[in-house]
Engineer: 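Supplied in structure tokens, the structure appears directly below.
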Amino acid sequence: MIDRRSFLRVSALAGTAAFSGAFSGTAFAAAGPRPADWSALGRGLDGKLIRPGDASYDNARHVFNAAFDSVRPAGVAYCATAADVSECLAFARRFGVPVTSRSGGHSYAGWSTGAGLVVDVSRMSGVSYAGGHATVGAGARLVDVYAKLAAHGVSIPAGSCPTVGVAGLTLGGGIGVVSRQYGLTCDVLESLKIVTADGKTLTCSETAHPDLFWASRGGGGGNFGVATSFTFRTHATRQVTLFFLHWPWSKAAAVLKAWQSWAPTAPDALWSNCHLNHDPSPDVMVGGLYLGGKAACENLLQKLVDRVGSGPKTRYVAVSAYDHAMMVEAGCSSLTVAQCHRPGTLPGQNPSGRLVRDSFTAKSHFAYTPLSSAGIKALLAQVAAPGRHSVLLDALGGAVARVRPDATAFPHRKALFSVQYYAHKSGAAAWTRAAHAAMRPHLGDHAYVNYVDPELTNWRQQYYGANAARLAEVKAAYDPGRLFRLPQGI
Ligand SMILES: Cc1cc2nc3c(=O)[nH]c(=O)nc-3n(C[C@H](O)[C@H](O)[C@H](O)COP(=O)(O)OP(=O)(O)OC[C@H]3O[C@@H](n4cnc5c(N)ncnc54)[C@H](O)[C@@H]3O)c2cc1C
């Protein structure tokens with residue numbers, strides 16, 4: 001049995017960011033809430049409010065990213081219903097308490113926690129299916145979405161990390177291993193329920209609040225309201241073929257040159273990424289998934305091998321059931337679905353969970369044109385620098401590119417692939433900064449809002465491009481008082 005984590009030796013699922021300074025929101029109003037006010041809020045919820053001093057407070061306040069463990073919210077509200085969310089927002093308005101939405105807690109910058117009230121939607125995690133449509137609670141973790149939909153023989157295109165929350169992923173776009181065939185997660189979104197700053201629950205779709213629906217497909221979480229559920233168009237699942245090909249580092253330039261012309265233009269059914277790792281020595285790998293049989297997949301892989309000019313040193317190509325393939329991509333091939341969670345008894349956790357938190361920093365680019373020889377050389381020099389780090393290139397094109405850049409708030413439709421600079425723990429920030437800066441002349445200034453980066457200065461343009469102005473209009477219409485604030489908030 002092989003899984004992505006052990007094969008790559010990149011624990012992309014166990015990482016966290018080490019950016020400095022989690023969002024602590026605005027200062028409390030002078031007449032902030034008294035303990036009795038907090039108690040009243042707790043009593044008024046169907047869900048549970050956890051406060052400093054409660055036994056589960058530390059567990060409740062910790063997000064995926066251990067770098068933000070020093071952040072101490074005044075309360076974490078595990079909302080059971082949209083009405084609970086509305087109660088929390090009324091409390092925040094009344095007392096001037098900063099409010100932060102949280103689903104899976106994977107924000108790279110720790111922007112789903114803060115000093116005020118954390119509105120956690122993890123209790124709203126139901127997944128139901130009928131007639132080609134899935135309704136998913138905003139707090140559902142991806143592993144549960146895949147597993148529950150698999151029981152109906154269907155799925156949605158979404159990310160690979162099992163504990164990422166569906167809300168953060170979808171609101172920022174959602175790049176996944178079947179996106180070239182089926183689109184981004186936000187591309188299969190048909191409607192969502194969202195509690196806006198005034199406490200109303202709106203159902204948004206192409207025909208109801210279409211501007212807010214547009215903004216909720218790539219505008220990024222935490223900006224317009226607290227989403228409570230999503231309805232997606234599903235696709236039928238089938239057997240797939242998984243592959244992982246490793247070349248020696250001496251072939252890295254040839255592999256990268258070949259991959260960037262092969263991967264974004266391959267048939268939609270083939271998705272792949274190119275991982276350039278340094279852990280403990282530099283290494284290059286192309287992995288991915290083909291929505292079809294092994295022989296057809298081998299034929300497509302041979303085209304890559306021909307372009308590289310030499311065969312891989314190791315090659316793994318195997319047919320897999322769809323749900324198992326998602327567990328492999330999640331790094332959970334040897335775990336049960338229950339084990340493929342963070343351990344604990346709070347909403348979003350599982351008593352059998354085995355996944356751990358970690359620390360990382362990351363930055364991103366989108367490549368709109370293939371890297372030149374100089375760009376390839378510059379990238380490989382960064383990977384070869386001392387340290388424990390990776391560059392992850394994920395192929396786009398296919399269905400992602402067939403959506404107009406202004407049709408949803410996610411603008412990077414014409415990008416060939418995403419680029420993520422990813423490093424662990426100490427010294428990590430210096431490396432990600434250096435790698436990002438070194439590649440800027442070769443890749444330009446585009447970034448993925450789901451790889452949110454507090455150090456970007458021109459972030460509006462980089463995340464949203466020409467869609468930034470319309471996003472600002474939607475913000476003004478739905479949150480004129482700016483109840484929802486982020487350091488890089490629309
Ligand atoms: C290990 C790892 C692997 C990843 N893999 C992928 C991948 O394969 N593809 C991909 O596209 N991305 C991937 N990501 C990035 C991921 O999509 C983003 O970090 C995403 O924002 C996480 O969503 P969340 O709900 O888990 O996080 P959270 O931290 O809970 O939320 C992220 C943002 O959305 C806001 N938010 C949360 N819930 C709500 C809500 N209900 N309503 C409104 N706003 C809300 C938060 O305030 C925060 O600003 C990965 C991240 C990690 C850490």
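Just follow the structure's listing: the first ligand is 1, and inside any ligand the first atom is 1.
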Engineer: Could you list the atoms of ligand 1 found under 4.0 angstrom from a heavy atom of V121?
Structural biologist: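 Near V121, the atoms of ligand 1 are 41 (N).
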Engineer: Answer yes when R402 and D268 have at least one side-chain N-carboxylate O distance shorter than 4.0 Å, and no when they do not.
Structural biologist: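 Yes, R402 and D268 are salt-bridged.
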Engineer: Below 4.0 Å, non-hydrogen atoms only: which portion of Y448 touches ligand 1? Side chain, backbone, both or neither.
Structural biologist: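 It is the side chain that gets close, since no backbone atom is under 4.0 Å.
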Engineer: Heavy atom to atom 3 (C) of ligand 1, shortest distance: which of G221, A140, A138, C161 holds it?
Structural biologist: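 Looking at heavy atoms only, C161 sits closest to atom 3 (C) of ligand 1.
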Engineer: Is a donor from one side chain sitting under 3.5 angstrom from an acceptor on the other, for H106 and T163?
Structural biologist: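 Their side chains do contain a donor-acceptor pair, which is all the 3.5 Å distance test asks for.
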Engineer: For ligand 1, is there an N or O atom under 3.5 Å from any N or O atom of A227?
Structural biologist: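 Yes.
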Engineer: With no hydrogens and no angle check, do the side chains of R102 and Y78 hold a donor and an acceptor under 3.5 Å apart?
Structural biologist: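 A pair is found: one side chain offers a donor N or O, the other an acceptor, under 3.5 Å apart.
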Engineer: Would you say that more than 12 heavy atoms from the other residues, nucleotides or ligands in this model lie under 6.0 Å from the CZ of R470, or not?
Structural biologist: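 Result for CZ/R470: enclosed.
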Engineer: Run the numbers for me: atoms of ligand 1, each under 4.0 Å from some heavy atom of G225, listed by number.
Structural biologist: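 Answer for ligand 1: 42 (N), 43 (C).
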Engineer: Does one side chain, of T135 or T231, offer a donor that lies under 3.5 Å from an acceptor on the other?
Structural biologist: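 Checked: T135/T231 side chains pair up, N/O donor to acceptor below 3.5 Å.
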Engineer: Decide whether the shortest distance between a heavy atom of G174 and an atom of ligand 1 is less than 4.0 Å.
Structural biologist: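 A heavy atom of G174 does come that close to ligand 1.
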Engineer: If we ignore angles and hydrogens, is there a donor and acceptor under 3.5 Å between the side chains of Q420 and Y108?
Structural biologist: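 Yes.
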Engineer: Consider only side-chain N and O atoms of R433 and T361, and report whether a donor and an acceptor are under 3.5 Å apart.
Structural biologist: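 There is no such pair between these side chains.
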Engineer: Can you find an N or O of G168 that's nearer than 3.5 Å to an N or O of ligand 1?
Structural biologist: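 Indeed, backbone or side chain, G168 has an N or O that close.
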Engineer: So, R180 versus S272: side-chain donor-acceptor pair below 3.5 Å or not?
Structural biologist: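 Absent: no donor and acceptor within the cut-off.
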Engineer: Does G105 reach ligand 1, in the sense of a heavy atom lying below 4.0 Å from it?
Structural biologist: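 Yes, G105 has a heavy atom closer than 4.0 Å to ligand 1.
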Engineer: What I want to know is whether L486 and ligand 1 share at least one N or O pair that is separated by under 3.5 angstrom.
Structural biologist: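 In this structure, L486 places no N or O atom under 3.5 Å from an N or O of ligand 1.
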Engineer: Any side-chain donor-acceptor pair under 3.5 Å between Y463 and Q488?
Structural biologist: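 Yes, a side-chain donor-acceptor pair sits under 3.5 Å.
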Engineer: Can you find an N or O of Y451 that's nearer than 3.5 Å to an N or O of ligand 1?
Structural biologist: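 Such a contact does not occur with ligand 1.
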Engineer: Hey, which of D211, T196, N223 is the one that makes side-chain hydrogen bond (donor to acceptor under 3.5 Å, both in side chains) with Y478?
Structural biologist: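 Result for side-chain hydrogen bond (donor to acceptor under 3.5 Å, both in side chains) with Y478: D211.
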Engineer: Is the gap between the SG atoms of C340 and C332 under 2.5 Å?
Structural biologist: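 Taking the criterion (SG atoms under 2.5 Å apart), C332 and C340 satisfy it, so yes.
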Engineer: Could an N or O of ligand 1 be found under 3.5 Å from any N or O of S107, whether backbone or side chain?
Structural biologist: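 Among all N and O atoms of S107, at least one is under 3.5 Å from an N or O of ligand 1.
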Engineer: Find all atoms of ligand 1 within a distance of less than 4.0 Å from any non-hydrogen atom belonging to A167, and give their numbers and elements.
Structural biologist: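 That gives atoms 38 (N), 39 (C), 40 (C), 41 (N) of ligand 1.
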Engineer: Report, in ascending order of atom number, the atoms of ligand 1 lying under 4.0 Å from any heavy atom of G159.
Structural biologist: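 By the 4.0 Å cutoff, the relevant atoms are 7 (C), 8 (O), 9 (N).
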Engineer: Is S103 close to ligand 1, meaning an N/O of one under 3.5 Å from an N/O of the other?
Structural biologist: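 N/O-N/O distance under 3.5 Å: yes.
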Engineer: Are any of the heavy atoms in G173 under 4.0 Å away from ligand 1?
Structural biologist: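 So G173 does not count as touching ligand 1.
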Engineer: Identify, by atom number and element, the atoms of ligand 1 in contact range of L169, meaning under 4.0 Å from any of its heavy atoms.
Structural biologist: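 By the 4.0 Å cutoff, the relevant atoms are 9 (N), 10 (C), 11 (O), 12 (N), 17 (O), 20 (C), 23 (O).
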Engineer: What do we get for I175 next to ligand 1 when only non-hydrogen atoms under 4.0 Å count, side chain, backbone, both or neither?
Structural biologist: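 Looking at I175 and ligand 1, atoms from backbone and side chain both fall under 4.0 Å.
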Engineer: Is the shortest N/O to N/O distance between H106 and ligand 1 below 3.5 Å?
Structural biologist: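 Min N/O separation from ligand 1 is below 3.5 Å for H106.
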Engineer: Any nitrogen or oxygen of G222, side chain or backbone, less than 3.5 Å from one on ligand 1?
Structural biologist: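 Yes, G222 has an N/O under 3.5 Å of an N/O on ligand 1.
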Engineer: Without hydrogens or angle criteria, can the side chains of N59 and Q349 be said to hold a donor-acceptor pair below 3.5 Å?
Structural biologist: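 Their side chains do contain a donor-acceptor pair, which is all the 3.5 Å distance test asks for.
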Engineer: Under 4.0 Å from any heavy atom of S112, which atoms of ligand 1 are there?
Structural biologist: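 So the answer, numbered in order with elements, is 28 (P), 29 (O), 30 (O), 46 (C).
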Engineer: Is any side-chain N of the basic residue among R357 and D69 closer than 4.0 Å to the acidic one's carboxylate O?
Structural biologist: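 D69 and R357: salt-bridged.
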Engineer: Heavy atom under 4.0 Å from ligand 1: found in L171's side chain, backbone, both, or neither?
Structural biologist: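 Only the side chain of L171 comes within reach of ligand 1.
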